[in-house]
Amino acid sequence: MSAITIRAMTVGDYEEVEAFLAVHFFKQEPLMLIPQEDPKQSEVSPAETELHRALIPQDLSLVAVDGQRIVGLVLAGELVPEDLEREYQEAEQKEITCLLDKIHKFLAGIELQANIFKHYGVDRALYLYMLGVDTSIRRQRVGTRLVEATIELGRQRGFPVVTSTCSNLNSKRLMTALNMECILTKDYADYKDEHGEIVLRASEPHTSASVVAIRL
């Protein structure tokens with residue numbers, strides 16, 4: 001049996017969480033590997049790391065640990081209908097200065113269009129924002145266990161729905177295998193700038209994003 005256990009993420013984990021994400025998420029996520037004219041545009045912005053910090057006190061995020069070492073994590077938080085419109089408007093109005101801005105703009109659009117609140121007739125959901133697993137222990141079901149634990153946590157906390165936006169094929173396969181419903185899928189090639197150029201030139205097979213959810 002694996003010695004890896006899952007526990008609640010705490011504020012004290014923040015520094016290790018950020019160091020983990022830098023190696024095992026942002027350098028692995030296919031969208032973050034899209035080449036940019038200026039390599040600095042691929043850097044993680046301070047606003048992104050502050051979002052991570054803000055999620056932790058909600059006590060809805062989890063870490064998988066092997067002894068004392070973090071080997072996987074889920075960042076999650078409560079989502080309400082107003083968040084979809086607010087985040088979409090913020091992404092639309094924000095000047096794009098980095099790759100993450102481009103990604104957030106596309107994902108905010110698909111999340112607003114999918115509108116899981118109307119789809120399920122609910123007024124709150126647990127949103128799984130980010131899933132990361134140590135590259136040295138992939139294919140050991142750590143990601144699956146983390147998502148299963150997040151769904152169970154949502155059930156315990158009285159959330160009617162758990163939702164996530166899968167930015168690559170691997171996460172979509174993992175979550176739909178756990179009976180999460182695919183609400184909407186959109187191709188990155190549909191996202192073009194004012195000159196008709198594709199903004200996110202994602203590599204096969206990670207060419208689309210999908211909003212998935214499960215009713216609890």
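What you see is a predicted model; the values in this text were computed from it and never measured.
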Asker: Go through the steps to decide whether Val147 and Leu131 satisfy the test side-chain contact (heavy atoms from CB on, under 4.5 Å), and finish with yes or no.
Answerer: CA-CA 8 Å; Val147 177; Leu131 169 68; 3.9 Å; yes
Asker: In the structure I gave you, are the side-chain heavy atoms of Glu18 and Arg53 within less than 4.5 Å of one another anywhere?
Answerer: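 The answer is no, as the side chains (C-beta and beyond) never meet within the 4.5 Å cut-off.
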Asker: Taking the side chain from Asp101 and the backbone from Thr97, do they hold a donor-acceptor pair closer than 3.5 Å?
Answerer: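 Between the backbone of Thr97 and the side chain of Asp101 there is a qualifying donor-acceptor contact (under 3.5 Å).
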Asker: I need the minimum non-hydrogen distance between Val162 and Gly154, along with the two atoms involved.
Answerer: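 Closest approach of Val162 to Gly154: CG2-CA, 4.4 Å.
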Asker: Apply side-chain contact (heavy atoms from CB on, under 4.5 Å) to Leu126 and Thr150, showing your working.
Answerer: CA-CA 9 Å; Leu126 177 55; Thr150 300; 3.9 Å; yes
Asker: Under a single-linkage definition using a 4.5 Å side-chain heavy-atom cutoff for Ile, Leu, Val, Met, Phe, Trp and Tyr, are Phe20 and Tyr129 assigned to the same hydrophobic cluster?
Answerer: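 Both belong to a single hydrophobic cluster.
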Asker: Looking at every heavy atom in both Ala202 and Leu31, which two are closest together, and how far apart are they?
Answerer: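 Where Ala202 meets Leu31 most closely, the heavy atoms are CB-CD2, 4.2 Å.
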Asker: Quick check on Lys94: does its NZ atom have over 12 non-hydrogen neighbours (other residues, nucleotides or ligands) under 6.0 Å away?
Answerer: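 More than 12 heavy atoms, drawn from other residues, nucleotides or ligands, come within 6.0 Å of this atom.
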Asker: Do the side chain of Ser164 and the main chain of Val212 share a donor and acceptor less than 3.5 angstrom apart?
Answerer: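 Flag not set: sc Ser164 to bb Val212 has no pair under 3.5 Å.
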Asker: Do Leu79 and Phe117 have side chains that approach each other closer than 4.5 Å (heavy atoms only, starting at C-beta)?
Answerer: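 They are in contact (side-chain heavy atoms under 4.5 Å apart), so the answer is yes.
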Asker: So, are Glu152 and Arg155 salt-bridged, with charged N and O less than 4.0 Å apart?
Answerer: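 Salt bridge between Glu152 and Arg155, a charged N being under 4.0 Å from a carboxylate O: yes.
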Asker: In the structure I gave you, are the side-chain heavy atoms of Glu85 and Leu112 within less than 4.5 Å of one another anywhere?
Answerer: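 Yes, their side chains come closer than 4.5 Å.
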Asker: If hydrophobic clusters are built from ILVMFWY residues whose side chains come within less than 4.5 Å, do Ile70 and Val142 share one?
Answerer: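 Different clusters.
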Asker: Of all the heavy-atom pairs spanning Ala108 and Glu87, show the shortest one and how long it is.
Answerer: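 Result for this residue pair: CB-O, 4.0 Å.
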Asker: OG of Ser208 to CG of Leu184: how many Å apart, nearest 0.5 Å?
Answerer: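 Going from the OG atom of Ser208 to the CG atom of Leu184 covers 10.0 Å.
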Asker: Is the NZ or CZ atom of Arg215 positioned over Tyr120's six-membered ring, under 6.0 angstrom from the centre and within 45° of the axis?
Answerer: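 Judged by the rule (NZ or CZ under 6.0 Å from the ring centre, within 45° of its axis), Arg215 is not positioned above Tyr120.
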Asker: Mind checking salt bridge (charged side-chain N to carboxylate O under 4.0 Å, His left out) for Arg124 and listing every partner two or more places apart, or none if nothing turns up?
Answerer: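 Arg124 satisfies salt bridge (charged side-chain N to carboxylate O under 4.0 Å, His left out) with Glu78 only.
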Asker: Hey, are the side chains of Val211 and Ile116 touching, using non-hydrogen atoms and a 4.5 Å cut-off?
Answerer: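 In short, these two side chains touch, coming nearer than 4.5 Å.
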Asker: For the residue pair Leu62 and Leu73, establish whether any side-chain heavy-atom pair is separated by less than 4.5 Å.
Answerer: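 They are not in contact (no side-chain heavy atoms under 4.5 Å apart), so the answer is no.
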Asker: Output, in order, the C-alpha distance, side-chain angles, deciding distance and verdict of side-chain contact (heavy atoms from CB on, under 4.5 Å) for Val133 and Arg138.
Answerer: CA-CA 7 Å; Val133 175; Arg138 296 277 170 87; 3.9 Å; yes
Asker: Any side-chain heavy atom of Ile56 within less than 4.5 Å of one from Leu75?
Answerer: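 The answer is yes, as the side chains (C-beta and beyond) meet within the 4.5 Å cut-off.
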Asker: Any pair with a residue in residues 58-107 that passes ring pair (Phe, Tyr, Trp, His ring centres under 6.0 Å), sequence neighbours left out, goes on the list, sorted by first then second residue, please.
Answerer: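 Passing the test, one end in residues 58-107: Phe106-Tyr188, Phe106-Tyr191.
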Asker: Would you kindly confirm whether Ile34 and Met32 end up in one hydrophobic cluster when ILVMFWY residues are joined by side chain heavy atoms under 4.5 Å apart?
Answerer: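 Yes, Ile34 connects to Met32 through the hydrophobic network.
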Asker: Do the side chains of Gln36 and Glu43 get nearer than 4.5 Å, heavy atoms only?
Answerer: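 Sidechains of Gln36 and Glu43: no contact.
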Asker: State whether the side chain of Asn168 and the backbone N or O of Asn170 hold a donor-acceptor pair below 3.5 Å, judged by distance alone.
Answerer: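 Side chain of Asn168 to backbone of Asn170: a pair is present.
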Asker: Are the side chain of His24 and the backbone N or O of Thr135 linked by a donor-acceptor pair below 3.5 Å?
Answerer: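 Here the side-chain-to-backbone pair exists.
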Asker: What's the separation between atom OG1 in Thr165 and atom OH in Tyr127, rounded to the nearest 0.5 Å?
Answerer: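 If I round to the nearest 0.5 Å, the distance is 3.5 Å.
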Asker: Going hydrophobic residue to hydrophobic residue with side-chain gaps under 4.5 angstrom, can you get from Val65 over to Leu153?
Answerer: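 No, it is not one cluster - the side chains of Val65 and Leu153 are not joined through contacts under 4.5 Å.
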Asker: Where is the tightest heavy-atom contact between Thr163 and Ala125, given as atom of each residue plus distance?
Answerer: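 That closest heavy-atom pairing would be CG2-CB, 4.3 Å.
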Asker: Kindly compute the distance separating CD (Glu50) from OG (Ser45), expressed to the nearest 0.5 Å.
Answerer: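 One finds 10.0 Å between CD of Glu50 and OG of Ser45.
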Asker: Can you tell me how far the CE atom of Met9 sits from the CG atom of Leu55, to the nearest 0.5 Å?
Answerer: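 The CE atom of Met9 sits 9.0 Å away from the CG atom of Leu55.
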Asker: Is there a path of hydrophobic side-chain contacts, each under 4.5 Å between heavy atoms of I/L/V/M/F/W/Y residues, joining Leu128 to Leu107?
Answerer: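 As far as the 4.5 Å side-chain criterion goes, Leu128 and Leu107 are not connected within one cluster.
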Asker: Answer yes or no: is there an ion pair linking Lys102 with Asp193, defined by an N-O contact shorter than 4.0 Å?
Answerer: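 Judged by the 4.0 Å cut-off on N to carboxylate O distance, Lys102 and Asp193 do not form a salt bridge.
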Asker: So, taking the atom named OG1 in Thr207 and the one named CG in Leu169, what distance separates them when rounded to the nearest 0.5 Å?
Answerer: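 Answer for the OG1-CG pair, Thr207 versus Leu169, is 8.0 Å.
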Asker: Give the minimum heavy-atom separation between Ala22 and Lys27, together with the two atoms involved.
Answerer: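 Heavy atoms of Ala22 and Lys27 come nearest at O-CG, 3.2 Å.
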Asker: Below 4.5 Å, heavy atoms only, C-beta onward: do Phe26 and Glu48 meet side chain to side chain?
Answerer: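 Of all side-chain heavy-atom pairs linking Glu48 with Phe26, at least one is under 4.5 Å.
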Asker: If the test is side-chain contact (heavy atoms from CB on, under 4.5 Å), which one of Leu100, Leu99, Leu21 qualifies with Val44?
Answerer: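 With Val44 as partner, side-chain contact (heavy atoms from CB on, under 4.5 Å) holds for just one option, Leu100.
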Asker: Where do Ile214 and Leu178 land on the side-chain contact (heavy atoms from CB on, under 4.5 Å) test, with the steps shown first?
Answerer: CA-CA 9 Å; Ile214 186 169; Leu178 293 174; over 6 Å; no
Asker: If you measure from OG on Ser210 to NZ on Lys186, what distance do you get to the nearest 0.5 Å?
Answerer: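 If we round to the nearest 0.5 Å, Ser210:OG and Lys186:NZ are 12.0 Å apart.
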Asker: So does Lys118 get a backbone contact from the side chain of Asn115, meaning a donor-acceptor N/O pair under 3.5 Å?
Answerer: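 The answer is yes, because a donor-acceptor pair under 3.5 Å joins these two groups.
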Asker: Any idea which heavy atoms bring Ala8 and Val63 closest together, and the distance?
Answerer: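 Where Ala8 meets Val63 most closely, the heavy atoms are O-CG2, 4.2 Å.
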